[in-house]
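Below, each value reflects all heavy atoms present in this structure, side chains not excepted, and no hydrogens, waters or symmetry copies. Chain letters run A, B, ... following the sequence lines, proteins first, then strands; residues in each count from 1.
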Amino acid sequence: MVRVRFAPSPTGYLHIGSARTFIFNWLFARHHKGTMILRIDDTDVERNTEESLESIFEGLRWLGLGWDEEYRQSERFPLYREAAQALLEKGFAYRDFTPPEAKAGAEEGEGKGGWLCHPEMRAMSREESDRRAAAGEPFVLRFRVPREPERTVRFRDLVYGEQAKSTADIEDFALLRSNGAPTYHHASCVDDADLRISHIIRGQDHLTNTFKHILLFEALGGQMPEFAHLPLLIAPDGAKLSKRRHGPVVSVLTYRDAGFLPQAYVNFLCLLGWNPKDDREKMTLEELIEAFTLEGVNRSNAVVNFTEEDPIDPKALWLNAQHIYSLPVETLAGLLLPVWQKAGYEATAEKALRVTPLIQERIRTLNDAVAVADFFFLKELRPYDAAELIPQKGDRAMALRALEKAHAVLADGDWTHQALEERLRAAAAELGLKAGQMFQPIRVAVCGRKNAPPLFETLEVVGREACLERIGKAIALLQQEP
RNA sequence: GGCGCUAUCGUCUAAGGGUUAGGACGGAGCCCUCUCAAGGCUCAAAUACGGGUUCGAAUCCCGUUAGCGCUACCA
């Protein structure tokens with residue numbers, strides 16, 4: 001039975017690297033019909049914040065993947081205390097009474113290999129340890145890493161392969177803080193054991209921590225989980241993504257607010273550090289579940305490609321466009337309606353449904369629809385330069401002739417795009433104008449700019465009244481002195 | 001400093017002893033076309049460096065370099 005967990009600590013927003021870790025765990029669980037567990041690792045009371053927790057949930061909610069079980073470490077402290085006590089009893093742990101300030105004094109031991117332990121504390125008799133603890137002297141509980149003889153800790157990482165490290169290079173890490181709260185290592189292992197986690201899938205920054213965890217799992221007794229570490233997501237400058245240095249691009253909510261489809265963003269994140277072993281790029285959630293394996297995860301860090309001018313990875317944008325394009329029109333219209341309303345447009349569901357097919361392949365984000373579809377909703381076109389009305393290889397007189405003819409032709413007759421095209425093409429022929437020379441002035445008059453969706457469908461949706469009025473205004477504009 | 005991990009086009013990646021080193025994004029060009037977009041075609045663009053092993057190395061081994069991680073009473 002596959003049981004995996006995502007264990008964020010509420011000390012910040014939901015980072016995109018964390019989001020990817022969540023997604024890979026989730027995909028692995030779904031692929032194996034296992035259980036996805038969300039565990040809030042909030043053992044550091046000093047640093048946790050409620051806002052952070054809320055923003056993490058908000059990010060996860062947006063991704064829309066869900067989870068099966070939920071735990072919070074702050075509610076499980078007794079479990080960690082018991083486990084710590086058992087470790088102490090069995091001699092796997094010892095009390096270290098060194099005051100925090102005195103740590104500096106111990107650093108002379110670092111010289112050649114780094115800090116390992118305080119030998120006096122490690123060697124202290126249980127009687128003295130108990131006596132000093134009973135007297136109320138503060139201590140941290142440390143794991144007694146096996147030394148003399150040292151041994152090599154080994155495991156096979158499902159991504160990175162065989163791993164080995166000598167206990168001579170592993171320090172006596174803390175289990176319990178002097179305030180009695182468990183450290184990450186302790187709470188995490190106790191929980192992973194208690195929750196019967198089968199696979200620990202997490203960031204590569206924990207790869208070397210795993211040796212400590214193996215030692216701890218062994219001491220705790222219980223089934224050893226499998227481990228799989230994920231390459232990290234980094235910034236173009238090679239540094240790890242940080243809000244301070246790289247700004248809001250590190251938070252998943254930025255992508256929601258930029259108008260991303262969650263499934264597109266999930267797709268994008270999956271392609272960073274994993275590939276389906278074929279050339280597929282755009283994949284649905286179902287396809288991802290089916291294709292996801294740990295073997296497909298690679299070992300080198302992936303750069304999220306953004307710049308200050310272009311804060312969003314171009315590939316993410318492209319993928320989002322792909323997903324938008326493959327949405328049923330009704331679905332997309334439903335997504336776009338609130339976007340337009342928020343922009344202050346008088347959008348209705350019916351209107352949204354008519355406009356959407358015309359812009360579907362012209363937007364890369366939901367938010368793009370605001371600028372791309374403005375003229376469908378705005379009463380008053382935003383001002384444009386009269387020169388825009390003049391077609392290529394044409395002049396003011398040509399534009400005027402085209403618009404006046406168009407005004408006359410559009411004043412009556414069927415208002416369907418087929419009929420409009422027929423009449424307008426005939427009109428162009430009559431005037432001896434090329435299609436572009438005829439259509440471009442009309443497009444600018446009606447849309448207020450040179451680039452827009454196909455003309456006839458656009459006219460159809462904008463409506464006769466508005467079209468005639470806008471063409472009239474354009475004619476007036478052209479007739480004004482330059 | 002110690003220990004560990006990593007190294008293919010600008011970016012994401014494929015190729016796990018034999019390929020003109022493949023695909024995608026982005027870039028350039030062409031086609032299509034009422035503009036834009038979409039789509040199609042083409043081009044430019046990579047095996048960090050040095051040694052081995054081998055008939056043959058992007059691929060295996062060693063070294064160098066670089067980057068990253070851990071080395072907290074953070075996670």
Side-chain angles (χ1 to χ4, degrees), chain A residues 7-12 41-44 46-47 96 98-100 103 110-116 138-142 157 160-161 163-166 168-171 173-185 187-188 202-212 229 231-232 234 236 238-240 268 271-282 298-306 310 313-319 321 325 358-364 372 391-392 421 424-425 428 434-440 442-444 447 449-456 458:
Chain A
S9 72
T11 52
D41 278 12
D42 53 353
T43 52
D44 188 354
E46 312 278 301
R47 297 199 192 193
D96 179 350
T98 313
K103 177 82 199 315
E110 297 198 23
K112 54 281 176 203
W115 182 89
L116 285 178
F139 62 87
V140 325
L141 190 73
R142 288 188 184 281
D157 189 272
Y160 286 88
Q163 303 293 319
K165 186 167 182 160
S166 166
D169 294 315
I170 302 174
E171 75 282 3
F173 55 96
L175 262 19
L176 251 33
R177 300 171 166 86
S178 54
N179 67 4
T183 62
Y184 159 73
H185 298 300
S188 181
R202 75 232 296 195
Q204 192 242 46
D205 47 344
H206 287 299
L207 188 63
T208 42
N209 283 332
T210 304
F211 297 104
K212 297 172 193 166
H229 289 86
L232 268 18
I234 58 177
K240 69 177 188 184
F268 169 68
L271 262 18
L272 258 21
W274 173 82
N275 77 85
K277 294 294 178 199
D278 52 39
D279 284 340
R280 282 183 295 174
E281 303 269 357
K282 190 224 154 197
N298 59 25
R299 287 165 294 280
S300 50
N301 294 345
V303 171
V304 181
N305 198 12
F306 60 85
D310 237 343
D313 192 313
K315 195 154 191 172
L317 243 18
W318 172 79
L319 262 176
Y325 188 54
L358 298 184
I359 64 161
Q360 185 157 17
E361 62 182 32
R362 292 174 174 74
I363 56 176
R364 294 186 303 174
V372 169
Q392 289 279 306
E421 174 159 15
L424 255 10
R425 282 196 189 276
K434 287 191 195 164
Q437 292 174 319
M438 177 78 191
F439 301 157
Q440 197 61 2
I442 303 175
R443 183 191 327 281
V444 174
C447 303
R449 67 179 115 88
K450 289 176 166 174
N451 301 336
L455 186 61
F456 314 109
T458 299

Between B:U13, B:U11, B:G4, spot the one nearest the side chain of A:T208, thanks. B:G4
Under 3.5 Å, side chain of A:D313 to main-chain N/O of A:V304, donor-acceptor pair present? no
B:A21 -> Watson-Crick or G-U wobble partner, both distances under 3.5 Å, gives none
Whole angstroms only, please: what is the CD1-C1' distance between A:I234 and B:C5? 13 Å
Could you tell me which residues satisfy salt bridge (Lys or Arg N to Asp or Glu O under 4.0 Å) with A:K212, sequence neighbours excluded, listed by chain and number? A:E171
Value rounded to 0.5 Å, distance of CG in A:L271 from NZ in A:K315: 6.0 Å
Can you tell me the base-pairing partner of B:U54? Count Watson-Crick or G-U wobble geometry only, both distances below 3.5 Å, and say none if there is no partner. none
Does a nitrogen or oxygen in the side chain of A:K277 sit under 4.0 Å from OP1 or OP2 of B:U13? no
Phosphate oxygens OP1/OP2 of B:A75: is one of them under 4.0 Å from a side-chain N or O of A:R177? yes
Rounded to the Å, how far apart are A:L175 CG and B:C74 P? 12 Å
For A:N209 and B:C3, give me the distance from atom CG to atom P, rounded to whole Å. 18 Å
Does A:R280 put a side-chain nitrogen or oxygen below 4.0 Å from OP1 or OP2 of B:G23? no
Sequence neighbours excluded, which residues qualify as side chain to side chain contact (heavy atoms under 4.5 Å, CB included) partners of A:D44? A:E46, A:R47, A:R177
Whichever of A:I363 and A:D205 has the more 5' nearest nucleotide on RNA chain B, that residue is A:I363
Within the 4.0 Å heavy-atom criterion, would you say A:K434 contacts the bases, only the backbone, or no part of the nucleic acid? nothing
Working to the nearest 0.5 angstrom, can you tell me the gap between A:L232 CG and A:L207 CG? 10.5 Å
With a non-hydrogen cut-off below 4.0 angstrom, is A:G203 in contact with a base, only sugar-phosphate, or nothing? nothing
How would you label the contact of A:H229 with the nucleic acid (heavy atoms, under 4.0 Å): base, sugar-phosphate, or nothing? nothing
Take atom CG of A:N301 and atom P of B:C12, then tell me their distance rounded to the nearest Å. 10 Å
With both distances under 3.5 angstrom, what nucleotide forms a Watson-Crick or G-U wobble pair with B:G67? B:C5
Set of residues satisfying side chain to side chain contact (heavy atoms under 4.5 Å, CB included) with respect to A:K434, sequence neighbours excluded: A:Q437
Would you please name every residue forming a side-chain hydrogen bond (donor to acceptor under 3.5 Å, both in side chains) with A:K282, sequence neighbours left out? A:S326
Mind checking if A:Q163 touches a base, just sugar-phosphate, or nothing, with heavy atoms under 4.0 Å? sugar-phosphate
With both distances under 3.5 angstrom, what nucleotide forms a Watson-Crick or G-U wobble pair with B:A72? none
Taking only side-chain nitrogens and oxygens of A:N275, does any of them come within less than 4.0 Å of OP1 or OP2 of B:C12? no
Nearest-Å distance, CG (A:L116) to C1' (B:A72)? 15 Å
Which residues share a ring-ring contact (aromatic ring centres under 6.0 Å, His included) with A:F456, sequence neighbours left out: A:F439
Taking the C1' atom in each of B:G10 and B:A44, what is the distance between them to the nearest angstrom? 12 Å
Does any nucleotide pair with B:U33 by Watson-Crick or G-U wobble geometry, both distances under 3.5 Å, and what is it? none
Tell me what A:D96 touches on the nucleic acid: a base, only sugar-phosphate, or nothing, going by heavy atoms under 4.0 Å. nothing
Looking only at side-chain atoms of A:W115, point me to the closest of B:A72, B:U11, B:A75. B:A72
Of A:G238 and A:Q204, the one whose closest RNA chain B nucleotide lies more 5': A:Q204
Check the distance between B:G10's C1' and A:F306's CZ and give it to me in whole angstrom. 15 Å
For A:D278, which residues count as a side chain to side chain contact (heavy atoms under 4.5 Å, CB included) partner, sequence neighbours excluded? A:P276, A:R280
Let's test this: given Watson-Crick or G-U wobble pairing with both distances under 3.5 Å, identify the partner of B:A15. none
Can you measure from CG (A:L455) to CE (A:M438) and round to the nearest 0.5 angstrom? 9.5 Å
Can you check nucleotides 40-50 of chain B for protein contacts, nitrogen or oxygen pairs under 3.5 Å, and list what you find?
none

Go through B:G69, B:U13, B:A75 for me and flag the one nearest to the A:H185 side chain. B:A75
Which of B:C68, B:A75, B:A14 is nearest the side chain of A:L232? It is B:C68
Between B:U35 and B:A58, how far apart are the two P atoms, rounded to whole Å? 48 Å
Across every strand shown, the nucleotide meeting Watson-Crick or G-U wobble geometry with B:A38 (both distances under 3.5 Å) is none
Please classify the nucleic acid contact of A:S188 as base, sugar-phosphate, or nothing, using heavy-atom distances under 4.0 Å. nothing
Is any side-chain N or O of A:E281 under 3.5 Å from a base N or O of B:G23, one able to act as donor and the other as acceptor? yes
Of all residues at least two apart in sequence or in a different chain, which pass the ring-ring contact (aromatic ring centres under 6.0 Å, His included) check with A:F173? A:F143, A:H185
So which protein nitrogen or oxygen atoms get under 3.5 Å of nucleotides 26-30 of chain B's nitrogens or oxygens?
none

Grab the N/O contacts between the protein and nucleotides 33-35 of chain B below 3.5 Å, and write none if there aren't any.
| from | atom 1 | to | atom 2 | distance (Å) |
| --- | --- | --- | --- | --- |
| B:C34 | OP1 | A:R425 | NH2 | 3.1 |
| B:C34 | O2' | A:R443 | NH2 | 3.2 |
| B:C34 | O2 | A:R443 | NH1 | 3.3 |
| B:C34 | O2 | A:R443 | NH2 | 2.4 |
| B:C34 | N3 | A:L455 | N | 3.3 |
| B:U35 | O2' | A:K450 | O | 3.4 |
| B:U35 | O2' | A:N451 | OD1 | 2.8 |
| B:U35 | N1 | A:R443 | NH2 | 3.4 |
| B:U35 | O2 | A:K450 | O | 3.3 |
| B:U35 | O2 | A:A452 | N | 2.9 |
| B:U35 | O2 | A:A452 | O | 3.0 |
| B:U35 | N3 | A:R443 | NH1 | 3.3 |
| B:U35 | N3 | A:A452 | O | 2.6 |
| B:U35 | O4 | A:P454 | N | 3.2 |

Between P on B:C12 and CG on A:D278, what's the gap in Å once rounded to a whole number? 20 Å
Using a heavy-atom cut-off of 4.0 Å across all strands, would you classify A:V303 as base, sugar-phosphate, or nothing? sugar-phosphate
Sorted by chain and number, sequence neighbours left out, side chain to side chain contact (heavy atoms under 4.5 Å, CB included) with A:A7 holds for A:R5, A:R39, A:D41
Check nucleotides 7-9 of chain B for protein N or O atoms closer than 3.5 Å to its own N or O atoms and list the pairs.
none

Which part of the nucleic acid, if any, lies within contact of A:K212, taking any heavy atom under 4.0 Å across all strands shown: a base, the sugar-phosphate backbone alone, or nothing? sugar-phosphate
Rounded to the nearest angstrom, tell me the gap between atom CG in A:L272 and atom P in B:A24. 18 Å
Measure from the side-chain heavy atoms of A:L207 and tell me the nearest of B:A14, B:C5, B:C73. B:C5
